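One is the number of the first residue; the rest follow in order along the sequence. Scope of the values below: all heavy atoms of this structure, side chains included, with no hydrogens, waters or symmetry mates. Computed from a prediction, not measured in an experiment: that's the story for all the values here.
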Amino acid sequence: MMDPLDLLGAATLAGIAVRGAVRARLSPPVSPARSSQLVRALLQWGTTPALGWSTGSARHPHSPAVIDADDALLPVMTFRQAELRTAAITTGLIEAGIGAGTSVGLLGRTSRVYAEALAALSRTGADVVYLNTGFTAAQIDEIATREAISWVFCDDDLAERVPAGLLLVSLDGVYPNERGTLSLAELASCRPGRPPELRRPSRHVILTSGTTGTPRGVARDNAPIEAAVALLDVFPFRQRETHVIAAPLFHAWGWLNHRICPLYDATEVLVRRPDGERVLRLAAQYRAEVVIATPVVLRRMLEVPTAVREELDLSALRVVAVSGALIPPEQVVAFAAAFGDVLHNLYGSTEAAFATCARPGDLRADPATAGRPLSGVRVEVLDDAGGRCAAGVEGMVWVGSRTSFGGYTDGTDRARHRGLVGTGDIGAWDEAGRLRVLGRADDVIISGGENVHPEEAERVLRRHPEVADVAVVGAPDPVFGQVVVAHVVRRVPASAEQRQDAVVAAQPDWESAFLAWAAERLAPHQRPRQVLLHAELPRNATGKVLRRLLADA
């Protein structure tokens with residue numbers, strides 16, 4: 001007999017699911033035959049990425065599933081076409097010897113062929129490791145050895161980063177003979193066969209960003225029903241809308257949203273290189289209701305000239321969903337002024353999965369907020385003794401849900417406490433029950449015994465009229481232990497010398513004026529003691545500043 005508390009939880013979950021389904025206007029298949037097709041797909045693939053486009057194929061087979069903004073040969077693909085191509089590629093993969101026990105790396109940008117490879121590999125039972133396109137050859141070599149990768153599917157222009165000895169499959173062309181001749185196009189020409197019975201789902205290894213060290217693997221396979229319900233509840237997505245995916249599919253945020261789209265029978269517009277103007281033009285062209293982005297793309301959208309934005313019809317746009325890094329509050333305010341109350345900011349981590357979401361109302365109340373916990377997710381702010389921090393008191397952020405990871409693929413783990421996973425972030429609750437994330441504990445600068453949260457200092461320094469971008473890090477100091485160093489991108493055009501050298505010493509007169517300006521607005525321990533100018537700050541694909549690179553500069 002079910003425990004009364006479990007029964008209550010199940011009833012609450014069902015209520016949230018119904019509410020979300022009604023809001024999303026989800027409809028069943030139009031015929032018994034298609035209903036049967038949908039049930040078979042769910043029974044066969046469950047909630048794994050192997051589900052692919054099979055649900056959309058059952059409900060709306062002739063509706064557009066994928067629009068590849070960079071594909072001249074097959075720019076639009078219906079749900080039925082996507083399902084048939086996935087089945088054909090699966091057959092080709094099995095004939096090539098890829099299956100359970102094989103570890104495959106995926107190295108590519110957001111595209112139709114990347115999405116096809118993802119779904120087809122999932123159906124073979126092979127393990128898939130998502131390689132960041134920003135990784136160096138040395139990082140890929142290290143990961144390939146650690147994860148026992150034997151095949152790599154990649155974009156042609158990234159093939160040179162793949163270690164010799166690994167078998168290559170071209171996502172968008174055909175490699176020279178010395179590196180192999182298989183391509184996804186060849187695999188798609190196979191006759192679809194009966195997929196194998198999977199003894200276990202494929203493992204999907206998403207790698208951490210590596211901002212503080214070596215990227216580590218986090219394995220994902222089935223998505224608990226609670227996860228889908230939580231997202232259905234917090235994001236106002238609707239069935240058969242158009243989503244511009246301007247986030248990398250190798251990152252958990254892009255990967256998650258790519259998986260959600262077929263469940264809504266939504267059309268995905270996939271963008272390999274999402275500069276701000278291009279994302280807005282695609283949203284206008286396809287009358288997109290949703291844009292999935294990272295903070296760096298959000299910033300690029302804001303940088304699009306007002307005259308260009310005003311000539312675009314973005315009246316269909318209802319949701320801009322962002323995750324991956326903290327968004328400066330001034331950008332939140334500016335975005336609302338430019339595009340209306342459409343911004344939703346999800347906070348989480350690769351290990352803990354999603355934690356909180358700031359919706360437009362939350363961001364109006366506090367542009368710096370990370371929002372409130374999602375349904376089914378437990379979020380705590382704890383002190384050093386493991387006690388709960390009162391509102392306004394800083395502590396470490398801990399998260400727990402059924403989507404939290406079970407440990408890294410190398411056998412190591414994160415800190416845990418009473419079923420919660422440590423995020424490594426410092427945060428505090430406000431009186432309204434919203435979480436504010438203050439930054440990484442690893443990034444805190446201790447100057448003269450005082451803690452300096454980089455984000456707090458950066459928030460002030462961004463107000464300088466000549467600062468386009470800024471990050472602060474600590475530098476060793478014999479008196480204070482550490483002092484604050486500001487790494488600045490100026491709004492004025494960089495000189496030729498600055499363009500040639502990534503880091504240059506600031507001109508003394510400008511540096512003095514900037515430091516004096518900062519001293520008037522920051523506490524003594526927060527004030528930068530040195531300024532270094534950059535043409536641009538080093539960031540990963542989601543927009544996180546690579547502070548370890550700045551610290552070494």
Evaluate the side-chain proximity of L131 to R161: yes if any heavy-atom separation is below 4.5 Å, no if none is. no
Trace of the side chain to side chain contact (heavy atoms under 4.5 Å, CB included) decision for H258 with I245: CA-CA 8 Å; H258 164 65; I245 308 291; 5.5 Å; no
Can you tell me which residue among D71, D70, D172 is in a salt bridge (charged side-chain N to carboxylate O under 4.0 Å, His left out) with R112? D71
Non-hydrogen side-chain atoms of V483 and Q530 separated by less than 4.5 Å: no
Between A352 and S401 the two heavy atoms that sit nearest each other are O-OG, 4.3 Å
Quick test of your reading: applying side chain to side chain donor-acceptor pair (under 3.5 Å), list the pairs with at least one residue in residues 328-338, sequence neighbours left out, ordered by first then second residue. none
Heavy-atom distance under 4.5 Å between the side chains of H534 and D469, does that happen here? no
Report yes if some heavy atom in the side chain of R281 is under 4.5 Å from a heavy atom in the side chain of L312; otherwise report no. yes
May I ask you to decide if D265's main-chain N or O and R240's side chain share a donor-acceptor pair within less than 3.5 Å? no
With under 30° as parallel and over 60° as perpendicular, where do the rings of H204 and W255 fit, or are they tilted in between? tilted
Start with the C-alpha distance between V297 and T294, add both sets of side-chain angles, then the distance that settles side chain to side chain contact (heavy atoms under 4.5 Å, CB included), and finish with yes or no. CA-CA 5 Å; V297 173; T294 60; 3.5 Å; yes
Give a yes or no on whether the backbone of I446 and the side-chain of Q482 come within a donor-acceptor separation of less than 3.5 Å. yes
Taking the six-membered ring for Trp, are Y114 and Y130 parallel (under 30°), tilted (30 to 60°) or perpendicular (over 60°)? tilted
Does any non-hydrogen side-chain atom of R378 lie less than 4.5 Å from one of L420? yes
What do the steps show when you test D157 against R272 for salt bridge (Lys or Arg N to Asp or Glu O under 4.0 Å), and what is the final call? CA-CA 13 Å; D157 64 332; R272 289 193 180 210; 5.8 Å; no
Decide yes or no on side chain to side chain contact (heavy atoms under 4.5 Å, CB included) for Q526 and V472, but give the supporting numbers first. CA-CA 10 Å; Q526 295 176 313; V472 303; over 6 Å; no
Mind listing the closest non-hydrogen atom pair of F250 and G108 along with its distance? CD2-O, 3.9 Å
Is any side-chain heavy atom of R491 closer than 4.5 Å to a side-chain heavy atom of P465? no
Would you indicate whether the side-chain heavy atoms of E289 and R238 approach each other to under 4.5 Å? no
Heavy-atom closest contact (C154 atom, L168 atom, distance): SG-CD2, 4.5 Å
Check: S103 and V129 side chains under 4.5 Å, non-hydrogen atoms: yes
Side-chain polar contacts of residues 333-346 - donor-acceptor pairs under 3.5 angstrom, sequence neighbours left out - could you list them?
residue, atom, partner, partner atom, Å
D341, OD2, R364, NH1, 2.6
H344, ND1, V342, O, 3.0

Heavy atoms of A247 and G254 approach each other most closely as CB-CA, 4.0 Å
Classify the side-chain pair R440/T423 by whether it contains a donor and acceptor separated by less than 3.5 Å. no
The test is side chain to side chain contact (heavy atoms under 4.5 Å, CB included); show your working for L363 and T369 and say whether it passes. CA-CA 6 Å; L363 294 170; T369 188; 4.1 Å; yes
Once you measure the plane-to-plane angle for F235 and W253, does it fall in the parallel (<30°), tilted (30-60°) or perpendicular (>60°) bin? tilted
If we ignore hydrogens and angles and just use 3.5 Å, is the side chain of T110 paired with the main-chain N or O of L270 as donor and acceptor? no
Note: E455-R462 ion pair, threshold 4.0 Å (strictly below): no
For R300 and P274, work out which heavy atoms get closest and say how close. NH1-O, 3.5 Å
Salt bridge or not between R146 and D410? Use side-chain N to carboxylate O under 4.0 Å. no
So, are R547 and E458 salt-bridged, with charged N and O less than 4.0 Å apart? yes
Atom pairs and distances, donor-acceptor, side-chain atoms in residues 432-439, under 3.5 Å, two or more places apart:
residue, atom, partner, partner atom, Å
R434, NE, D430, OD2, 3.0
R434, NH2, D430, OD2, 3.4
R436, NE, D366, OD2, 3.4
R436, NH2, D366, OD1, 2.7
R436, NH2, D366, OD2, 3.1

Are D156 and S170 linked by a side-chain donor-acceptor pair shorter than 3.5 Å? yes
What is the minimum heavy-atom distance between V381 and G427, and which atoms define it? CG1-O, 3.4 Å
Partner of E351 by side-chain contact (heavy atoms from CB on, under 4.5 Å), out of V399, T208, D413: T208
